[in-house]
Amino acid sequence: DDLPTRSLRELLITHVAVLGEIQRRGLTRTRGSLVGELGERITLAAYGGALETAGRKSIDLIDRKGRTVQVKTRALEPGVNRIFAFSSFDFEILVAVMLDAMTFDIQWARELTGSEASEIARYRVPSRDWAIATGKVKQAGIDITEQMRAAYLGLDSR
């Protein structure tokens with residue numbers, strides 16, 4: 001009943017709690033779609049431009065400078081390392097955002113060029129895609145954490 005009065009973070013935390021319970025019951029394996037969409041919206045707020053059509057491979061938005069941008073977002077507990085998966089590196093800029101899975105605070109955010117991303121990726125034969133460990137991404141490119149945090153705060157309008 002009080003959803004309209006809650007902040008964006010409070011809504012996200014509630015959403016994640018509900019998804020966690022659904023996952024615990026064995027009805028779903030992931031909570032990824034919300035996380036990915038949120039990362040794209042934060043990146044759009046920070047970089048300007050326009051979102052691409054949903055489902056377009058390798059490009060999530062064209063920024064205000066006309067660059068093609070791939071956004072990868074994860075929500076993990078602090079210190080947990082997973083991967084970002086890629087079908088190709090046909091983008092100019094990678095924006096990687098790591099959220100705290102419990103609070104939805106931005107832990108860190110990085111910007112890499114497509115070539116920087118491809119240099120640290122490894123090819124995975126069974127899935128026929130590329131992967132980069134989140135820990136490697138955290139050490140690469142340039143730190144855009146504060147820029148992304150500011151953009152994220154701007155999204156919280158009730």
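No hydrogens, no waters, no symmetry mates; every other heavy atom, side chains included, goes into these values.
- Among residues two or more places apart in sequence or in another chain, the salt bridge (charged side-chain N to carboxylate O under 4.0 Å, His left out) test is passed with D105 by R9.
- Follow the hydrophobic side-chain contacts under 4.5 Å out from V97 and you never reach I120; the two are in separate clusters.
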Show me the donor-acceptor pairs within less than 3.5 Å that the side chains of residues 39-53 make with the rest of the protein, sequence neighbours left out.
from	atom 1	to	atom 2	distance (Å)
T43	OG1	G39	O	2.8
Y47	OH	E111	OE1	2.4
E52	OE1	R56	NH1	2.4

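- Taking each heavy atom of E77 and M102 in turn, the nearest pair found is OE2-CE, 4.2 Å.
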Intermediate values then yes/no, side-chain contact (heavy atoms from CB on, under 4.5 Å), T73 and L99
CA-CA 7 Å; T73 310; L99 301 170; 3.9 Å; yes

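- Distance check: S7 OG to I13 CD1 gives 7.0 Å after rounding to the nearest 0.5 Å.
- Between P78 and Q107 there is a side-chain heavy-atom pair separated by less than 4.5 Å.
- There is no path of hydrophobic side-chain contacts, each under 4.5 Å, that joins F91 to L61.
- Of the inter-residue distances, the one linking R124 atom CZ with W130 atom CH2 reads 11.5 Å to the nearest 0.5 angstrom.
- Side-chain atoms of D60 come within 3.5 Å of backbone atoms of V71 as a donor-acceptor pair (strictly under, hydrogens ignored).
- Looking only at distances, no side-chain donor or acceptor of Q147 sits under 3.5 Å from a matching main-chain atom of I144.
- Smallest separation of non-hydrogen atoms from K57 and S87: CD-OG, 3.7 Å.
- Under the 4.5 Å side-chain heavy-atom criterion for grouping Ile, Leu, Val, Met, Phe, Trp and Tyr, F89 is connected to L94 within one hydrophobic cluster.
- With rounding to the nearest 0.5 angstrom, the CD1 atom of I93 is 6.5 Å from the OG1 atom of T113.
- Atom OG of S118 and atom CG of D90 lie 10.5 Å apart (nearest 0.5 Å).
- Considering OG1 of T145 and NZ of K138, their distance stands at 9.0 Å, rounded to 0.5 Å.
- Remark: side-chain polar atoms of N81 are paired, donor with acceptor, to backbone N or O of T134 under 3.5 angstrom.
- Applying the ring pair (Phe, Tyr, Trp, His ring centres under 6.0 Å) criterion to Y152, with sequence neighbours excluded, gives no partner residue.
- In this structure, A109 and D143 approach most closely via the heavy-atom pair O-OD1, 3.3 Å.
- R67 contributes no side-chain N or O that, together with a main-chain N or O of E92, makes up a donor-acceptor pair within less than 3.5 Å.
- For the atom pair CD1 (I132) and CD (E119), the distance works out to 10.0 Å, reported to the nearest 0.5 Å.
- Hydrophobic clustering (side-chain heavy atoms under 4.5 Å, transitive across Ile, Leu, Val, Met, Phe, Trp, Tyr) groups M98 together with V80.
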Determine, step by step, whether I62 and T68 satisfy the side-chain contact (heavy atoms from CB on, under 4.5 Å) criterion, reporting the C-alpha distance in whole Å, the side-chain angles of both residues, the deciding distance to 0.1 Å, and the verdict.
CA-CA 5 Å; I62 308 295; T68 55; 3.5 Å; yes

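- A single hydrophobic cluster is not seen to contain both I83 and V125; linkage of ILVMFWY side chains at heavy-atom distances under 4.5 Å, directly or through other members, places them apart.
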When you look at K72 and V137, which way does the side-chain contact (heavy atoms from CB on, under 4.5 Å) test go after all the steps?
CA-CA 10 Å; K72 293 294 184 180; V137 175; over 6 Å; no

